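Accompanying notes for the structure given below.
FYI, side chains are in, hydrogens and waters are out, and symmetry mates aren't considered; it's all heavy atoms of this structure. Quick caveat: nothing in here was measured; it's all calculated off a predicted structure.
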Amino acid sequence: DGGTNLDLKIDLRYNKKLQGIDSSLWSYDEGKISIYLPETYIGKNGGRGPYNNLRDCNQIFGKHASADNRCWIINGKLMVVALADLTEYTIPNDVTSIEWGAFGKSNYSYLTSVTIPNNVISISEPYRFYYTEALEKIYCKPNTPPNLDWRDIPSSIKIYVPTKSVNAYKTAEDWEEYADQIFGYDF
């Protein structure tokens with residue numbers, strides 16, 4: 001076919017007023033999308049609140065980028081995850097909360113599992129995880145169930161928690177609705 005690999009590099013670091021991007025950046029099979037963000041970026045969607053319009057990127061760079069350049073983290077809050085080309089992902093240990101829309105919906109995501117680190121104490125609207133459509137497993141490492149604003153997780157997704165904490169998760173507020181999907185796991 002002789003196609004050209006088209007990598008797209010976007011540099012927005014000099015836009016010191018940028019707080020959000022109102023349209024999605026769609027990835028494509030022929031290349032990768034890398035974006036450099038200013039520290040003012042907080043993941044807002046046209047002033048309507050946070051939403052991950054960078055989900056189809058491969059890398060995120062800037063002051064609040066994670067060491068693996070896959071996340072935008074502000075004061076422990078996971079704002080955005082660049083999902084392109086990921087099949088499994090472990091959220092960085094410095095994350096304490098997963099914000100609404102951090103994962104967003106990706107038409108090109110092949111994410112089958114996500115691991116939530118020990119330090120997470122709150123998860124806002126994680127139903128966005130299943131918008132990645134291929135998602136099968138969520139590994140949730142905290143011993144104490146995080147505060148949860150969880151809606152409509154498909155019954156096909158299994159949620160793995162520390163073996164010693166299975167009962168705590170199955171009986172915790174908002175988690176009890178998913179008791180049949182919760183299983184013990186030795187992390």
**Request:** Look only at the side chain of S97 and the backbone of S122, and say whether a donor-acceptor pair between them is shorter than 3.5 Å.
**Result:** no

**Asked** Are L78 and Y89 joined in one hydrophobic group, where the rule is that I, L, V, M, F, W and Y side chains link up if heavy atoms are under 4.5 Å apart?
**Response** yes

**Request:** Could I get the full list of side chain to side chain donor-acceptor pair (under 3.5 Å) partners for Q181, not counting sequence neighbours?
**Result:** none

**Message:** Test of understanding: with side-chain contact (heavy atoms from CB on, under 4.5 Å), list the residues that count as partners of T90, not counting sequence neighbours.
**Reply:** T115

**Message:** If I compare all heavy atoms of P146 with all of V120, which pair ends up nearest, and what's the gap?
**Reply:** CG-O, 3.6 Å

**Prompt:** Quick one: side chain to side chain donor-acceptor pair (under 3.5 Å) partners of Y160, sequence neighbours excluded?
**Reply:** none

**Request:** Could you verify whether a donor N or O on one side chain and an acceptor N or O on the other, from T163 and D186, lie under 3.5 Å apart?
**Result:** yes

**Message:** Restricting to ring-ring contact (aromatic ring centres under 6.0 Å, His included), what partner residues turn up for Y36, sequence neighbours left out?
**Reply:** none

**Message:** Minimum heavy-atom separation for A82 and Q59, please, with both atom names.
**Reply:** CB-N, 4.3 Å

**Message:** Would you say that more than 12 heavy atoms from the other residues, nucleotides or ligands in this model lie under 6.0 Å from the NZ of K137, or not?
**Reply:** no

**Prompt:** Closest approach of I74 and Y41, non-hydrogen atoms and distance?
**Reply:** CD1-O, 3.5 Å

**Request:** Give the minimum heavy-atom separation between S34 and F61, together with the two atoms involved.
**Result:** CB-CE1, 4.1 Å

**Item:** Heavy-atom pair with the smallest gap, counting every atom of L135 and V114
**Value:** CD1-N, 4.1 Å

**Item:** Partner residues of S165 under the side chain to side chain donor-acceptor pair (under 3.5 Å) criterion, sequence neighbours left out
**Value:** none

**Request:** In sequence, state the C-alpha distance, the side-chain angles, and the governing distance for D11 and R13, and then conclude on salt bridge (Lys or Arg N to Asp or Glu O under 4.0 Å).
**Result:** CA-CA 6 Å; D11 190 344; R13 71 182 123 177; 2.8 Å; yes

**Asked** Does any N or O in the side chain of S124 come within less than 3.5 Å of the main-chain N or O of W100, such that one atom is a donor and the other an acceptor?
**Response** no

**Message:** Restricting to side chain to side chain donor-acceptor pair (under 3.5 Å), what partner residues turn up for D180, sequence neighbours left out?
**Reply:** none

**Test item: N119 side-chain N/O and V95 main-chain N/O as donor-acceptor pair under 3.5 Å** = no

**Item:** Taking every non-hydrogen atom, the tightest pair across E88 and T112
**Value:** CG-OG1, 4.1 Å

**Message:** Taking the ring centre of each residue, are F183 and Y185 less than 6.0 Å apart?
**Reply:** no

**Common cluster, L86/I98, ILVMFWY with side-chain heavy-atom separation under 4.5 Å** = yes

